[in-house]
Number of protein chains: 2
Amino acid sequence: MMDLNQRKQLILQAIVEDYIRSNTPVGSRTISKKSGLGVSSATIRNEMADLEEMGYLIQPHVSAGRVPSDRAYRLYVDRLLKKGMRDEERESARSYFTSRVHDMEDVLSLCAQTLGELTRYTALVMTPRQSDLKVSALHLIPIGEATAMLIIVTDTGMVRETTLRVSDRLNADSLFAISRMLTDKLRDLSLRQVQDMLYGYAAHGGADARVLSGIAELAGQIESQTDKDRITVGGAHNILHYPEYADVARARAFMDTLERRESLLNLMRPQESVAVRIGYETGMKELHDCSVVTAPYRMGRGHIGTIGVIGPTRMDYARVMETLELVARELSAILSL
Amino acid sequence: MMDLNQRKQLILQAIVEDYIRSNTPVGSRTISKKSGLGVSSATIRNEMADLEEMGYLIQPHVSAGRVPSDRAYRLYVDRLLKKGMRDEERESARSYFTSRVHDMEDVLSLCAQTLGELTRYTALVMTPRQSDLKVSALHLIPIGEATAMLIIVTDTGMVRETTLRVSDRLNADSLFAISRMLTDKLRDLSLRQVQDMLYGYAAHGGADARVLSGIAELAGQIESQTDKDRITVGGAHNILHYPEYADVARARAFMDTLERRESLLNLMRPQESVAVRIGYETGMKELHDCSVVTAPYRMGRGHIGTIGVIGPTRMDYARVMETLELVARELSAILSL
DNA sequence: GTTAGCACTCACCACGGACGAGTGCTAACA
DNA sequence: TGTTAGCACTCGTCCGTGGTGAGTGCTAAC
């Protein structure tokens with residue numbers, strides 16, 4: 001007795017699922033009727049008392065039903081939940097991604113939004129750290145009198161541009177030539193290498209010094225892009241639909257947490273596959289009543305990013321995990337085209 | 001009597017300003033003390049009764065103070081408010097924009113965020129309609145075995161890219177040549193023209209048909225980019241700080257309205273200068289208790305976009321209007337570099 | 001035209017009792 | 001030994017009630 005036998009597991013599962021649905025403490029009578037075990041509420045009460053002692057359940061107050069603990073959710077996620085997205089759902093999720101502009105940046109922010117809509121929770125999209133990005137092409141395009149647009153393409157397919165002033169004796173032809181030369185020279189170098197090299201050249205002076213240091217600067221900016229910029233949030237407003245955020249102060253606190261992107265980065269460290277962090281497992285006190293589910297995606301040659309969903313601990317883990325898997329797969333496919 | 005004399009205006013101004021600050025109905029005693037008119041509360045009461053009759057004030061219930069009507073805010077905005085941003089504020093606002101990546105897309109979403117932070121309300125940024133954009137350059141960059149990245153730069157400095165498969169006998173050199181040729185041919189044509197032309201060429205077949213129709217497709221996608229994509233929202237969570245949204249249902253309704261971007265477009269139609277729409281003036285029933293302040297900015301050659309702020313009708317109009325003016329100016333400067 | 005005084009209104013809040021969901025415990029039963 | 005009916009008990013939620021105070025409109029005096 002007091003081991004987590006089959007029946008206890010079934011009861012726990014029933015409680016977790018009922019609580020996920022209703023967000024109200026679950027009573028013994030409810031489980032007696034719904035679990036399909038065919039035992040009375042008194043028996044359930046005994047089992048529930050055991051489960052509480054084992055740390056799976058919490059009683060908000062003596063005359064309330066039970067609420068699952070983090071530990072219960074953990075067990076539920078690891079062993080009890082049954083996936084089973086319906087095909088229509090899967091198909092509609094997939095269709096969100098096809099037939100859209102395959103623009104690298106767009107895809108990521110679109111992904112955050114989409115993921116929010118699909119899961120009805122808040123979505124996070126992290127792009128891989130960019131310091132070890134390699135330059136794959138570099139172009140100067142004339143856009144006006146003595147101004148040019150500089151475009152750097154990295155091996156992840158990311159495109160960054162800036163405008164810069166150039167010597168007015170550089171016409172379209174010379175810019176073409178320079179672009180070509182620079183691309184040949186710089187291809188497959190890391191941004192840092194590009195930066196160092198070009199600052200070196202620029203220091204020697206010459207007519208193109210301005211262009212060279214402009215390029216070096218953009219490379220530097222891409223590289224040192226703050227961590228904050230690496231996380232996109234989508235569907236933050238979704239949490240307003242959940243009663244745990246009926247109190248505006250809580251909603252505000254949640255939103256404020258989302259603003260502090262640096263700390264979110266810890267949650268989004270690449271994992272091997274779909275990962276679930278429940279309540280205190282997130283390691284963030286502000287998120288002790290939230291769970292975070294993440295999945296890795298591939299971008300370009302071997303760079304790993306993370307997409308994730310954050311919501312109340314009583315989230316619909318099965319649906320979220322499946323959606324994330326699916327979206328991560330679609331996303332990887334698009335990005336490594 | 002019953003004309004809007006000097007004193008009535010001063011009283012009205014005092015009421016509006018007190019209400020903007022406190023969000024509670026304003027009583028006669030408060031105004032008697034704060035207006036500096038040196039008259040008793042009874043006198044104020046008489047004036048307030050007149051102002052109510054004239055439609056400037058509303059009494060939520062008999063024993064409450066008065067609340068300004070849309071009409072009062074209108075008068076306040078048109079004639080009563082005194083601007084006067086402090087220099088530090090102005091400087092700090094400006095510094096938000098300098099020393100950042102001048103990446104076209106980035107600037108706009110950064111602008112939305114920044115504007116949200118500066119005003120503490122919700123910010124909207126609209127990019128000009130893109131159907132009459134002209135192509136200013138077009139590049140094909142090899143990124144892998146038989147795949148290339150296509151980049152289109154428009155005359156507003158906007159950059160869009162996509163990856164496409166190309167015939168594997170096109171090496172870097174041929175792509176360069178094609179890019180150059182296409183840029184020469186297509187420069188200053190509208191996206192629609194480009195699209196029509198290329199589909200025509202592609203129909204004739206040939207080895208490059210795939211590339212040509214790829215380009216046409218991207219041009220089409222840029223052009224037909226849904227209206228939804230043209231508005232960026234920033235700082236939506238700010239409204240949670242205002243007591244009018246203490247009720248989550250209201251906050252949710254507000255957020256939902258923000259999601260329906262098409263209808264927001266009406267609010268963001270380019271105006272000549274800073275424009276204020278108060279309450280029902282927005283023309284959107286859902287926003288009857290909100291005001292929208294907008295300002296135009298210039299982008300590239302003659303394209304006009306709009307930035308705006310949306311918040312409760314009792315918003316701090318003076319501060320918002322000044323901030324918008326300032327940000328619009330900075331933004332125009334960056335974008336028409 | 002202004003003001004003091006006064007009766008009146010009504011939103012807000014704190015208090016308190018009824019209600020009911022759910023429990024733990026006990027004793028009887030299979 | 002596990003299951004169940006019965007029962008006393010707990011405590012959060014709901015709702016009606018009365019007190020409090022901010023603010024009003026009106027009247028009469030200045």
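Within every chain, numbering begins at 1; the chains are lettered A, B, ... in the order of the sequence lines, protein sequences first and strands thereafter.
- Within 6.0 Å of CZ on A:Arg74 lie more than 12 heavy atoms contributed by other residues, nucleotides or ligands.
- Atom NE2 of B:His61 is separated from atom P of D:dG23 by 10 Å (rounded to the nearest Å).
- Comparing C:dT3, C:dT9, D:dC11 by their nearest atom to the side chain of B:Asn46 picks out C:dT3.
- In terms of modelled atom types and a separation under 3.5 Å, the side chain of B:Glu322 and the main chain of B:Gly84 share a donor-acceptor contact.
- Comparing atom distances between the B:Gln59 side chain and each of D:dT24, C:dT9, C:dG24 picks out D:dT24 as nearest.
- Straight-line distance from the CD atom of B:Glu47 to the C1' atom of C:dT2: 11 Å, rounded to whole Å.
- In this structure, the CD1 atom of A:Ile44 is 10 Å from the P atom of C:dT23, given to the nearest Å.
- Judged by atom type and distance alone, B:Thr43 does not reach the base of C:dT2 through any side-chain donor-acceptor pair under 3.5 Å.
- Here the side chain of A:Arg45 is nearest to one of C:dC10, C:dT23, D:dT24, namely C:dT23.
- B:Arg45 contributes no side-chain N or O that, together with a main-chain N or O of B:Ser28, makes up a donor-acceptor pair within less than 3.5 Å.
- Listed candidates were D:dA5, C:dT9, D:dC11. Nearest to the side chain of A:Ser63 is D:dC11.
- Across all strands, B:Ser28 comes closer than 4.0 Å only to sugar-phosphate atoms, never to a base (heavy-atom distances).
- Looking only at distances, a side-chain donor or acceptor of A:Tyr121 sits under 3.5 Å from a matching main-chain atom of A:Asp316.
- Within 6.0 Å of NZ in B:Lys83 there are more than 12 heavy atoms belonging to other residues, nucleotides or ligands.
- For A:Ser40 against D:dT4, a side-chain-to-base donor-acceptor contact under 3.5 Å is absent.
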Point to revise | Which nucleotides of DNA chain D pair, in dot-bracket form (Watson-Crick or G-U under 3.5 Å, | meaning another strand) | key: ||||||||||||||||||||||||||||||
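- Between D:dT24 and B:Arg66, a contact under 4.0 Å exists linking OP1 or OP2 to a side-chain N or O.
- For B:Arg7, counting side-chain heavy atoms from C-beta on, the closest listed nucleotide (C:dT2, D:dT10, D:dT3) is C:dT2.
- Heavy atoms from other residues, nucleotides or ligands lying under 6.0 Å from CZ of A:Arg29 number 12 at most.
- Rounded to a whole Å, the CE atom of A:Met48 is 16 Å from the P atom of C:dA21.
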